[in-house]
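Whatever order the structure lists them in is the order used to number ligands and atoms, beginning at 1.
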Amino acid sequence: VSASSAVPYDLRRLGAEPLPAPFYAVIGHPVAHSRSPAMQQAALQAAGIRARYVAFDATPADLPMVLELLPRVGARGCNITVPHKLALHAWIERHGRLAPSARQAGAVNTIAWEAEGPVGHSTDGAGWEQAVAEVFGLGLAGLRILILGAGGAGRTLALHAADAGSHVALANRSPEKAAAVADAARANAGSAPVEAVPWTAAAIAAAAAASDLVVHATALGLDPGADAFPFGREVFAAGKHYYDLAYGAAPTPFLKAAAAAGGKTAAGLSMLLHQGLLSFQIWHPGLPPEKVDRALAAMRKALAAPA
Ligand SMILES: NC(=O)c1ccc[n+]([C@@H]2O[C@H](COP(=O)([O-])OP(=O)(O)OC[C@H]3O[C@@H](n4cnc5c(N)ncnc54)[C@H](OP(=O)(O)O)[C@@H]3O)[C@@H](O)[C@H]2O)c1
């Protein structure tokens with residue numbers, strides 16, 4: 001377990017060099033790239049809350065130990081990022097309580113340590129919904145959506161969108177995951193129209209042509225060493241909306257291709273912002289609206305600064 005390069009805290013030194021309590025954290029592996037510390041610290045400051053927000057790099061093997069330790073040394077809440085969201089859901093089921101958002105998503109991205117113990121929430125689905133409304137002016141009810149990727153994020157969005165009344169098509173490299181998520185979405189949201197689509201150019205082209213919004217939720221794209229986005233022009237068309245969960249300084253290959261085809265494009269920073277504000281509000285319930293507005297403005301400013 002080690003602190004990310006963004007934050008000079010190391011759990012092994014906590015006894016000798018305690019963090020100022022209360023504090024909040026993001027836990028991931030890797031985590032050094034995370035924009036959450038800058039964004040959440042700016043929000044705390046803007047809302048006048050004296051607390052720190054730090055990052056911890058914890059491997060999957062270390063995660064249970066970290067989750068036991070953090071509340072004992074003053075943590076009130078944390079965000080969880082890749083690759084821990086699904087594992088955390090199982091851990092919370094055993095050691096705490098799942099809020100309805102986490103039950104629906106089958107994943108946890110936010111913990112609040114309350115008097116009764118840890119409570120797991122998922123703010124990714126609602127944060128993404130707010131982002132899509134903000135950047136594209138689209139509401140989920142009745143929207144036809146193709147989601148590429150059925151990992152933790154794709155699953156959360158598919159379940160959230162189905163619950164909100166979207167028509168969802170879902171494709172994943174490993175088809176059994178797309179089928180399982182489609183089953184879970186139908187079970188969650190009654191007779192929601194959710195369809196698993198094969199991970200082939202022809203099937204994805206047909207599903208894209210029938211969709212208003214195509215969401216890229218695989219891990220492909222930002223890492224120059226990763227495989228390339230495997231589909232071409234057939235996925236993209238003028239006038240349609242393309243949202244990539246990944247974000248970074250440069251547009252992803254998915255968004256570049258979508259923009260070249262005349263599509264309307266947006267990267268995942270808006271989702272990061274809105275899921276982050278929802279986490280912040282879980283940790284600080286009852287803040288007056290003007291403080292929430294100040295926190296949101298400060299988060300936007302922090303994300304607009306170079307990483
Ligand atoms: N903007 C935000 O706020 C936000 C929030 C959450 C996540 N994200 C981003 O969303 C992305 C996915 O995150 P996650 O939590 O869902 O990760 P995950 O659970 O590890 O899932 C990874 C997904 O990528 C697919 N994949 C990986 N390598 C592939 C390849 N070579 N070809 C085709 N598909 C491949 C996987 O398919 P298989 O199942 O076949 O392996 C799976 O669907 C990440 O980039 C993450 O940073 C952004």
Test side chain to side chain donor-acceptor pair (under 3.5 Å) applied to Ser279 and Asn79, step by step: CA-CA 8 Å; Ser279 298; Asn79 289 125; 3.1 Å; yes
Review point. Please walk me through it: do Asp244 and Thr252 pass side chain to side chain donor-acceptor pair (under 3.5 Å)?
Key: CA-CA 8 Å; Asp244 198 328; Thr252 60; 2.6 Å; yes
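Between Phe229 and His216, the distance separating the two ring centers is shorter than 6.0 angstrom. Aromatic pair Tyr24/Trp113: ring centres not closer than 6.0 Å. Within the 6.0 Å centre-distance limit, the rings of Phe236 and Phe254 are counted as a close aromatic pair.
Using a 4.0 Å cut-off between charged nitrogen and carboxylate oxygen, Arg300 and Glu134 count as a salt-bridge pair.
Between Ser174 and ligand 1, an N or O atom pair is found at a separation short of 3.5 Å. Considering backbone and side-chain N/O of Lys177, one or more are found under 3.5 Å from N/O of ligand 1. For a threshold of 3.5 Å applied to N or O pairs, the pair formed by Gly149 and ligand 1 contains no separation below that value. The shortest N or O to N or O distance between Gly152 and ligand 1 is under 3.5 Å.
Put simply, the side chain of Gln41 gets close to the backbone of Tyr53: a donor and an acceptor are under 3.5 Å apart.
Considering only non-hydrogen atoms, atom 2 (C) of ligand 1 lies nearest to Met271 out of Arg173, His274, Met271. Considering only non-hydrogen atoms, atom 16 (O) of ligand 1 lies nearest to Ala153 out of Ala153, Gly268, Gly154. Of all the listed residues (Thr218, Val181, Thr252), Thr218 holds the heavy atom that lies closest to atom 44 (C) of ligand 1. The residue among Thr81, Leu148, Asn172 with a heavy atom at the shortest distance from atom 36 (C) of ligand 1 is Asn172.
Residue contacts with ligand 1, taken as heavy atom pairs separated by less than 4.0 Å, do not involve Leu269 at all. When non-hydrogen atoms are compared, ligand 1 lies under 4.0 Å from the backbone of Ala217 (N, CA, C, O) but not from its side chain. In Leu245, the parts holding a heavy atom less than 4.0 Å from any atom of ligand 1 are both the side chain and the backbone. In Trp128, neither the side chain nor the backbone holds a heavy atom less than 4.0 Å from any atom of ligand 1. Heavy atoms of Arg155 found under 4.0 angstrom from ligand 1: none, in either backbone or side chain.
Annotation for ligand 1: atoms under 4.0 Å from non-hydrogen atoms of Trp199 are 33 (C). Interface atoms of ligand 1 facing Ala150, defined by a heavy-atom separation under 4.0 Å, are 43 (O). The Tyr247 neighbourhood of ligand 1 comprises atoms 1 (N), with distances under 4.0 Å to a heavy atom of that residue. Atoms of ligand 1 found under 4.0 Å from any heavy atom of Val82, numbered from 1 in the order shown, are 15 (O).
In the displayed structure, Arg294 atom CZ is contacted under 6.0 Å by more than 12 heavy atoms of other residues, nucleotides or ligands.
Rounding to the nearest 0.5 Å gives a distance of 11.0 Å between CG of Leu44 and CE of Met39. Taking NE2 of His160 as the reference point, atom OG1 of Thr123 lies at 10.5 Å (rounded to 0.5 Å).
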Under 3.5 Å donor-acceptor pairs involving side-chain atoms of residues 63-73, not counting sequence neighbours:
none

